[in-house]
Amino acid sequence: MDHSTLRSQFPALAQSNDGYPLCYLDTAATSQKPQLVIDAMNHYYQHDNANVHRAAHQLSARATTQYEAVRDQLRQFINASRREEIIFTHGTTEAINMVANGLAGQIKPGALILIDTAAHHANIVPWQELAKRTGALIKPIPLTADCRLDTAAYDALLRMQPAIVALSHVSNVLGTVNPVTELVAKAKQAGAITLVDGAQAIAHMHVDVQSIDCDFYVFSGHKMYGPTGIGVLYGRYKSLDSLSPLITGGEMIKTVSFENTVFNPLPNRLEAGTPPIAEVIGLGAAIDFINDLPSAQTHNNEQALMVYLQQSLTALGDIELYGAHADNLGAVAFNLTGEHHQDVGILLDQQGIAVRCGHHCAMPLMQSLQLKGCCRASIGVYTHKADIDRFIAAMQSVKELLL
Ligand code: PMP
């Protein structure tokens, strides 16, 4: 498939704003959706709309078959060993909350929770709430000067035998990649429960949860060309089964009486209530879309674009890049020297360029970089070299205006 055919599958990219064709460089916030995802959700609502699991009628049977088939697709997509290890959530945030809340009974006062400094707030705040409830302590894993996770400091922290280690796979701000297989292996040796936030990794690399060997791996559908409102909590069966459910009610029970309730086995035990059925079906279509991409070629293209983006920004001059490495994925963080990130973002928007500016839900990272905020340009499979060239030309004009 050539690049323009691939790009033409994303209807939202075909628009212009104020006469400027859209140049979408905000994929890390949410990706655009291919037509087949939109069609799959519409088809469900038009033909198969029914609640799953409950009824004897054909519509419900069709909805249930499609819904459960996506669990199988996901099992294969991330190489989980069992379909029961895939739990549908509303997103990464909910998935991490489910784990943090579900572990409360296992965490003792004084237990240590390690979190990487570049973590998204979704991978910080739920652990802080857990710490408040249990008397556990949070310690950040510092970064090196070039914004990589400081492995020497990590090794030292592991000697304190943490109960939980929560890592990002790829930073949503910097695009830096944590060597999670290695980090998880060390955490396991130290006896910790491990969670990897894969929200920014899942669309840019092949994820194999058995090879990472973490207890929990979480991600959102909307960052991988799927709909909003759907996410995945993968957990090793035993680890998942040890969680107490965050939400209880219908669907997750075997029997209920006013004296006693018996929960269903996994995965239902952690999926109370009517799930986001259309969104699950849309996510299934997104996986089909990704599986149909020539994966090596896509990854090479994205990698080449990332390097081109970093080099073009550097060549522009008066640019500060943060944690830029050739092996980063998806995102580049930068500031125009001396200028406020919001001003840059607004001026870019006036030329049809969509980037994100602010703290990117990573205030501790901003503090460690001694920044109030920064701009972030992020790419997806539909991004073309011409998008980067337009962005750089727009940055040149912003620079001439502001400096
Ligand atoms: N973690 C990371 C690394 C993210 O980039 C995001 C989304 N910006 C989240 C967690 C939260 O994802 P969601 O808002 O889809 O729950």
Side-chain angles (χ1 to χ4, degrees), residues 24-33 37 74 78 87-101 115-129 140-141 143 147-149 164-180 183 194-205 207 212 214 216-234 246-247 275-276 279-280 282-283 286 322-323 328-333 354-366 368 373-380:
Y24 189 74
L25 294 175
D26 197 18
T27 295
T30 198
S31 61
Q32 294 301 338
K33 320 305 173 199
V37 167
L74 277 157
I78 60 170
I87 305 296
F88 292 120
T89 71
H90 291 95
T92 305
T93 304
E94 187 183 53
I96 300 175
N97 273 275
M98 284 167 70
V99 176
N101 179 81
I115 307 175
D116 73 303
T117 294
H120 187 280
H121 296 163
N123 202 14
I124 300 175
V125 186
W127 302 114
Q128 283 174 332
E129 290 301 303
I141 310 161
L143 296 176
C147 297
R148 303 253 196 213
L149 185 138
I164 296 170
V165 173
L167 300 164
S168 3
H169 198 166
V170 174
S171 157
N172 66 306
V173 186
L174 309 171
T176 42
V177 184
N178 272 330
V180 287
L183 299 175
T194 52
L195 176 139
V196 178
D197 173 355
Q200 294 295 341
I202 196 74
H204 299 295
M205 62 174 10
V207 170
I212 297 172
C214 50
F216 303 103
Y217 193 96
V218 296
F219 53 97
S220 298
H222 70 98
K223 309 227 193 230
M224 52 183 289
Y225 313 110
T228 54
I230 177 68
V232 173
L233 163 58
Y234 155 82
L246 173 65
I247 299 169
E279 287 76 5
V280 167
L283 178 58
Y322 307 108
N328 284 7
L329 290 179
V332 175
V355 298
R356 186 150 293 245
C357 304
H359 55 63
H360 310 283
C361 293
M363 283 183 167
L365 172 64
M366 293 297 122
S368 92
C374 62
C375 302
R376 177 188 69 189
S378 57
I379 63 168

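Order of listing sets the numbers, starting from 1, for every ligand and every atom in it. If you read the sequence from its start, that first residue is 1, and numbering goes on from there.
For atom 7 (C) of ligand 1, the nearest non-hydrogen atom from the set Lys223, His90, Arg356 comes from Lys223.
Proximity of Tyr322 to Leu365: side-chain heavy atoms (C-beta onward) are nowhere separated by under 4.5 Å. The side-chain heavy atoms of Ile379 and Leu25, taken from C-beta on, include a pair separated by under 4.5 Å.
Nearest to atom 3 (C) of ligand 1 among the protein's heavy atoms is Asp197 OD2, 3.4 Å. Among protein heavy atoms, atom 14 (O) of ligand 1 sits closest to Thr93 OG1, 3.7 Å. Of all protein heavy atoms, the one lying nearest to atom 4 (C) of ligand 1 is His120 CD2, 3.3 Å.
The two residues Val180 and His169 come nearest to each other via the heavy atoms CG2-NE2, 3.4 Å. Across every non-hydrogen atom of Cys147 and Gly323, the tightest pair is CB-CA, 3.7 Å.
When only interatomic distances are considered, the shortest N/O to N/O separation between Gln200 and ligand 1 falls below 3.5 Å.
Using a distance-only test at 3.5 Å, with no hydrogens or angles considered, a donor-acceptor pair links the side chain of Ser171 to the main chain of Val173.
Contact atoms of ligand 1 toward Asn172: 3 (C), 5 (O) (distance under 4.0 Å to a heavy atom of the residue). Near Ser220, with a cut-off below 4.0 Å to any heavy atom, the atoms of ligand 1 are 12 (O), 13 (P), 15 (O), 16 (O).
When only modelled atom types and interatomic distance are considered, Thr92 and Ser220 share a side-chain donor-acceptor pair under 3.5 Å.
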